[in-house]
There are 2 protein chains.
Amino acid sequence: MSNVSSVLHLIEPLKSETQPLRFRARQPLIRRGELPTAVWYIEDGWSARFKLLRDGRRHISRFYAPGDICDLSWLVAGAADQSVMTLTPLRAVRIDRTRLDARLRNDAALGFALAREALAEMRWQAEWLVTIGCKSAAERIAHFLCELYLRLERRGKTRETSCDFPLSQQDIADFTGMTSVHACRTLRELRNSGVIELCRRRLRIVDFSRLVRMAAFDANYLEEPMTAAGAGLAAPGHRTATPECRPAAC
Amino acid sequence: MSNVSSVLHLIEPLKSETQPLRFRARQPLIRRGELPTAVWYIEDGWSARFKLLRDGRRHISRFYAPGDICDLSWLVAGAADQSVMTLTPLRAVRIDRTRLDARLRNDAALGFALAREALAEMRWQAEWLVTIGCKSAAERIAHFLCELYLRLERRGKTRETSCDFPLSQQDIADFTGMTSVHACRTLRELRNSGVIELCRRRLRIVDFSRLVRMAAFDANYLEEPMTAAGAGLAAPGHRTATPECRPAAC
DNA sequence: CGGTCTGTTGATCAGTATCAATGACAGTGG
DNA sequence: CCACTGTCATTGATACTGATCAACAGACCG
């Protein structure tokens with residue numbers, strides 16, 4: 001993902017065990033409140049970072065797919081404030097936190113790479129905040145599928161136009177902020193309209209450009225035209241601000 | 001904010017200008033798609049990071065208050081993917097990006113501090129994702145007010161139990177993912193129930209503990225009891241998972 | 001002053017949640 | 001091999017949160 005010196009490359013010598021560890025599905029990798037002693041480089045399988053509220057509501061704030069590191073935020077001191085559990089059987093390499101932490105204090109290249117990685121993650125989260133914050137159920141799910149597919153494609157984890165998709169509708173719902181019932185209906189619409197196929201834990205993107213349009217998604221973040229100044233054109237309606245910050249709707 | 005060597009301390013020698021710069025209210029600090037040439041240490045005033053969708057929907061993903069750096073994510077290469085505009089008149093110190101970037105490659109302490117800062121920001125965003133993703137309008141606004149007050153308190157920007165609050169209801173709405181009309185009604189409920197006072201750009205927390213309860217907020221992240229294992233107790237209803245990840249509702 | 005923005009309230013509507021029931025399927029143990 | 005169990009996807013009926021539309025008053029500003 002990074003260009004010159006990725007975190008993955010730099011932490012290579014820190015892998016504690018020669019053999020990656022294996023976890024069964026639906027096992028906790030960490031529980032909220034625990035102190036992480038390591039981060040995991042995920043070679044295979046999926047997991048989810050989530051939080052439970054007292055009344056049972058659950059929200060998933062992040063999925064980890066093969067190639068992800070789970071979780072960089074554990075490198076700041078203190079207890080994990082969200083839990084992580086595997087969704088499928090998982091194979092992951094353990095990277096000892098103490099050793100990584102110690103090296104970070106001396107190795108500028110590693111610190112730089114880690115900062116870059118963290119900042120990139122921040123950008124992704126900021127984008128997803130916007131999606132959760134103001135898009136419809138259909139847009140949220142379409143956006144999620146676009147993004148997921150592109151992420152897996154960059155890692156060579158897609159075949160033709162399809163990829164593994166081990167998530168239940170409950171998982172999708174908890175990630176996109178809706179109920180599983182509504183996720184079900186929304187997915188059905190997407191399938192009925194012919195933009196995706198989804199069965200037996202496999203997702204196939206039939207019409208990517210249409211999915212992108214349905215998502216109000218832009219891989220290069222093209223949503224906002226940002227014409228030269230956008231000035232001089234006021235937007236109508238309640239959601240209006242001063243001209244220089246509110247280009248006209250289109 | 002950090003303990004030993006904060007970013008703020010480390011970037012001290014990088015401040016490009018002796019005098020901080022001033023901006024008027026409602027001016028763009030950056031527009032989406034532009035290449036940032038500096039980050040800003042905000043001494044006084046407020047601003048917002050946001051994104052506009054084609055149809056005019058706006059979502060604010062972050063407010064910057066005095067003491068914040070706007071924005072760390074600009075240190076990764078490439079164009080800004082969200083815009084930032086001032087909400088009030090602003091006084092900020094310019095920190096040249098090229099110089100910061102150059103120093104980052106050699107200075108392990110700076111890289112470490114920056115990484116810590118970025119990771120802390122990630123954690124905040126992940127928490128806010130949960131809030132936006134699964135809480136009610138009243139909970140979201142209450143949560144926001146709790147958090148804002150605590151953040152300002154840490155920086156000594158509160159007096160008694162009150163603080164400046166220059167945000168319009170439209171700003172609050174765009175941040176918490178609702179309409180300004182609904183934000184208005186929700187704020188009114190909070191005022192009517194006597195937990196806050198809010199007038200003439202000043203917020204007063206009358207009953208903090210009740211506000212916390214209304215927010216399902218926990219400053220120390222206490223929402224999830226995370227009893228020893230949480231195991232053996234299945235939760236009812238649609239939003240159910242395996243026992244080890246789903247402690248009973250309460 | 002006259003325009004613009006903000007806060008406010010009321011009436012109505014749409015999107016999504018909730019509740020309930022069912023069928024398909026996988027895993028388990030007798 | 002088959003009943004038993006639990007999970008998951010699905011559908012229908014209904015309820016409710018929050019959006020939308022409309023109108024107006026006060027504050028602020030040129």
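Computation of the quantities below employed the complete heavy-atom set of this structure, encompassing side-chain atoms and omitting hydrogens, waters and symmetry-equivalent molecules. Quick caveat: nothing in here was measured; it's all calculated off a predicted structure. Lettering follows sequence order; numbering is per chain, from 1.
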- prompt: Are OP1 or OP2 of D:dT7 and a side-chain N or O of A:R26 less than 4.0 angstrom apart?
  reply: no
- prompt: Would you say the side chains of A:S83 and A:R31 form a donor-acceptor pair under 3.5 Å?
  reply: no
- request: Apply side-chain hydrogen bond (donor to acceptor under 3.5 Å, both in side chains) to B:T186 and list each qualifying residue two or more places apart in sequence or on a separate chain.
  value: none
message: Please find the pair of heavy atoms, one from B:T86 and one from B:R24, that lie closest to each other, and give the distance.
response: OG1-O, 2.7 Å
message: Using whole Å, what does the distance between atom C1' of nucleotide C:dT6 and atom CG of B:L87 come to?
response: 14 Å
message: Applying ring pair (Phe, Tyr, Trp, His ring centres under 6.0 Å), can you list everything that pairs with A:F144, at least two apart in sequence or on another chain?
response: A:F63, A:F175
- prompt: Under the salt bridge (charged side-chain N to carboxylate O under 4.0 Å, His left out) test, which residues partner B:R62, sequence neighbours left out?
  reply: B:D68, B:E121
task: Kindly write out the residues that satisfy ring pair (Phe, Tyr, Trp, His ring centres under 6.0 Å) with B:F23, not counting sequence neighbours, or none if the list is empty.
output: B:W40
message: Tell me whether the side-chain N/O atoms of B:Q169 come closer than 4.0 Å to OP1 or OP2 in C:dT8.
response: yes
- prompt: For C:dG7, does either OP1 or OP2 sit under 4.0 Å from a side-chain N or O belonging to B:R200?
  reply: no
Those residues that, when tested against B:R204, pass salt bridge (charged side-chain N to carboxylate O under 4.0 Å, His left out) (two or more places apart): none
query: Counting side-chain heavy atoms from C-beta on, which of C:dT18, D:dC8, C:dT9 comes nearest to A:S168?
result: D:dC8
query: Nearest of C:dA11, C:dT8, C:dT6 to any side-chain atom of B:R185?
result: C:dA11
message: Going by side-chain hydrogen bond (donor to acceptor under 3.5 Å, both in side chains), name the residues that satisfy it together with B:R191, two or more places apart in sequence or in a different chain.
response: none
- request: Rounded to the nearest angstrom, tell me the gap between atom CG in A:D174 and atom C1' in D:dC8.
  value: 14 Å
message: Counting only side-chain nitrogens and oxygens, does A:R191 get under 4.0 Å of the OP1 or OP2 atom of D:dT10?
response: yes
message: Expressed as a whole number of angstroms, how long is the span from A:L187:CG to C:dT16:P?
response: 13 Å
Under 3.5 Å between N/O atoms: give me all the protein pairs with nucleotides 15-18 of chain D, atom names plus distance.
residue: D:dG18; atom: OP1; partner: B:A137; partner atom: N; Å: 2.8

- request: With the side chain of A:C184 defined as its heavy atoms from C-beta on, choose the nearest nucleotide among C:dT8, D:dC8, D:dT10.
  value: D:dT10
- request: Would you mind reading off the distance between A:N192 atom CG and D:dA9 atom C1', rounded to a whole angstrom?
  value: 14 Å
- request: Using the test salt bridge (charged side-chain N to carboxylate O under 4.0 Å, His left out), find all partners of A:R49 that sit at least two apart in sequence or belong to another chain.
  value: A:D71
- prompt: How sharply is the helix from C:dC1-D:dG30 to C:dG30-D:dC1 bent, taking the axes over five pairs at either end and rounding to 10 degrees?
  reply: 40°
